[in-house]
Visitor: 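The structure's right below; bear with me while I get my questions together.
Read the numbers this way: they start at 1 and go in the same order the structure lists the ligands and their atoms. Computed from heavy atoms alone, side chains included, the values below leave out hydrogens, waters and symmetry copies.
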Amino acid sequence: MSLLDEVTRLETEALREIKGADSLEALNELQIKYLGRKGLVTAVLKTLGTLPVDERKTVGAQANRAHQDLENHFQLAAQKFSTTRGKKDFDPTLPGTGPRTGTIHIVNRVMGEICHTFYGIGFETARGPHVETDHYNFEMLNFPPDHPARDMQDTFFVEGGRLLRTHTTPVQPRELEKRKPPVKIITPGKTFRNEEISTRAHVSFHQVDGFLVDEGVTMADLKGALVAFCKAFFGSGLKLKFRPSFFPFTEPSAEVDISCFLCNGVGCQLCKYSGWLEILGCGMIHPKVLENCGYDSEKYTGYAFGMGVERVAMLKYKINDIRLLFNNNLRFLRQFA
Ligand code: DAH
């Protein structure tokens, strides 16, 4: 057999064996058998020197090509093994590693839940700007010019004499000016105060205000709405207490306490052993506010209320530090996902 035939025979034989190799180890052995230092194809290459020059050229080229081809085939076959080996190690009974999906932040979720309980009794949402004017944040709401909330110590002022709204209540005159009674609105959003950050206070937090203006609206309507909200949100067994209070934009004004849902009013750490939790401020819209918005206060009356979202969330989920809500610790936040 000529050397050229020998090369072809070896190549065919090697390819057949590569095809039949059933492990990476077998493949390695074959590679040594054909292409190793003492391998069959290598041996042929070594004898090239004994051939006459013209024959050496053609046989040499053919042998080198066969050598290269076989090397490629070994590489391809090895790749096949490394992937099938990966598949063999795959354990379908292990729990999967699904993609991590985001969730709604606890503060946004609670804010949405508060709004939803009011949608159920016919309220609709309105929002206002974070950067407010003194006009809507204070003046329209009957704050006197020397009210302490207007102080730099309490309010962030920005360029152009404007300020970061200190409550969501300015949405009330903004909407009342635009609409005609009956107006029944809930106003979720961000608020800002120049506070020392502590376990209970933050410079940026959220509120939900609500108000209803129509003919013949009374304090009884306010109580009805708030009782419905507190029971839907905290639990149906609750008791509510209306305590007299003061806000410049409501008259009369009240603060609402709910019986502590943790101890049922007996007294515990959450309610500081009083049996009650302060939950929101409310009242009948001051006639001056209605007049400021162009309403006849003899004909129309209204109620209003406002609550802090973080406060409500902290009570509901027994969170003892407001900062936990904002420092983006995922282990904390995922508890509420
Ligand atoms: N704006 C008040 C605050 O930030 C909360 C409030 C009290 C809102 C009574 C109201 C209300 O609409 O009627 O403390």
Side-chain angles (χ1 to χ4, degrees), residues 111 114-115 118 123 125-130 132 134-144 147-151 153-156 163-176 183-195 200-214 217-227 229-230 240-258 277-290 292-293 295 297 300-312 314-315 322:
M111 191 152 67
I114 294 169
C115 292
F118 285 102
F123 281 77
T125 301
R127 291 173 193 269
H130 294 169
E132 253 305 356
D134 180 277
H135 179 73
Y136 284 112
N137 198 78
F138 295 124
E139 216 173 297
M140 290 288 273
L141 293 170
N142 198 34
F143 279 77
H147 193 280
R150 287 181 135 135
D151 200 286
Q153 253 69 51
D154 288 294
T155 304
F156 288 116
L163 48 87
L164 299 185
R165 66 178 182 190
T166 57
H167 50 180
T168 43
T169 318
V171 184
Q172 190 185 121
R174 279 182 176 277
E175 290 302 316
L176 285 177
V183 187
K184 204 171 181 185
I185 281 173
I186 194 101
T187 70
K190 249 189 209 307
T191 48
F192 308 85
R193 277 184 209 172
N194 195 357
E195 298 261 12
R200 297 172 62 97
H202 212 285
V203 288
S204 165
F205 53 103
H206 300 76
Q207 291 189 337
V208 174
D209 267 52
F211 55 94
L212 162 64
V213 175
D214 201 359
V217 176
T218 71
M219 198 92 182
D221 298 308
L222 172 63
K223 273 184 109 170
L226 293 180
V227 168
F229 161 70
C230 290
L240 271 76
K241 185 163 79 175
F242 284 69
R243 261 185 304 110
S245 185
F246 176 81
F247 300 103
F249 38 87
T250 45
E251 183 58 37
S253 305
E255 271 172 288
V256 174
D257 298 342
I258 53 169
L277 297 166
E278 186 191 315
I279 216 80
L280 53 83
C282 64
M284 297 305 292
I285 298 176
H286 199 293
K288 273 211 187 129
V289 174
L290 291 173
N292 287 345
C293 300
Y295 289 66
S297 64
Y300 296 108
T301 51
Y303 68 66
F305 56 85
M307 69 191 93
V309 178
E310 284 78 5
R311 181 175 167 71
V312 166
M314 286 167 76
L315 286 174
I322 193 171

Visitor: Would you find more than 12 non-hydrogen atoms of other residues, nucleotides or ligands less than 6.0 Å from Arg200 atom CZ?
Guide: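 No, not enclosed.
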Visitor: Tell me which donor-acceptor pairs under 3.5 Å the side chains of residues 245-253 have, and how far apart each pair is, sequence neighbours excluded?
Guide:
{"from": "Ser245", "atom 1": "OG", "to": "Glu255", "atom 2": "OE1", "distance (Å)": "2.9"}
{"from": "Thr250", "atom 1": "OG1", "to": "Ser253", "atom 2": "OG", "distance (Å)": "2.6"}
{"from": "Ser253", "atom 1": "OG", "to": "Phe247", "atom 2": "N", "distance (Å)": "3.2"}
{"from": "Ser253", "atom 1": "OG", "to": "Thr250", "atom 2": "O", "distance (Å)": "2.9"}

Visitor: When you look at Thr169 and Asp209, which way does the side-chain hydrogen bond (donor to acceptor under 3.5 Å, both in side chains) test go after all the steps?
Guide: CA-CA 6 Å; Thr169 318; Asp209 267 52; 2.8 Å; yes
Visitor: Under 30°, 30 to 60°, or over 60°: which ring-plane class applies to Tyr303 and Phe123, parallel, tilted or perpendicular?
Guide: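 Tyr303 vs Phe123 ring planes: tilted.
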Visitor: Quick one: does Gln172's side chain get under 4.5 Å of Met140's, heavy atoms only?
Guide: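 Heavy-atom side-chain distance check fails, nothing below 4.5 Å.
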Visitor: Do the rings of Phe229 and Phe118 sit parallel, tilted or perpendicular, given the 30° and 60° boundaries?
Guide: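 Plane angle under 30°, so parallel.
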Visitor: I'd like the contact residues of ligand 1, where contact means a heavy atom below 4.0 Å.
Guide: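 Under the 4.0 Å cut-off, ligand 1 touches His167, Thr169, Arg193, Gln207, Asp209, Phe247, Phe249, Thr250, Gly281, Cys282, Gly283, Ala304, Phe305, Gly306.
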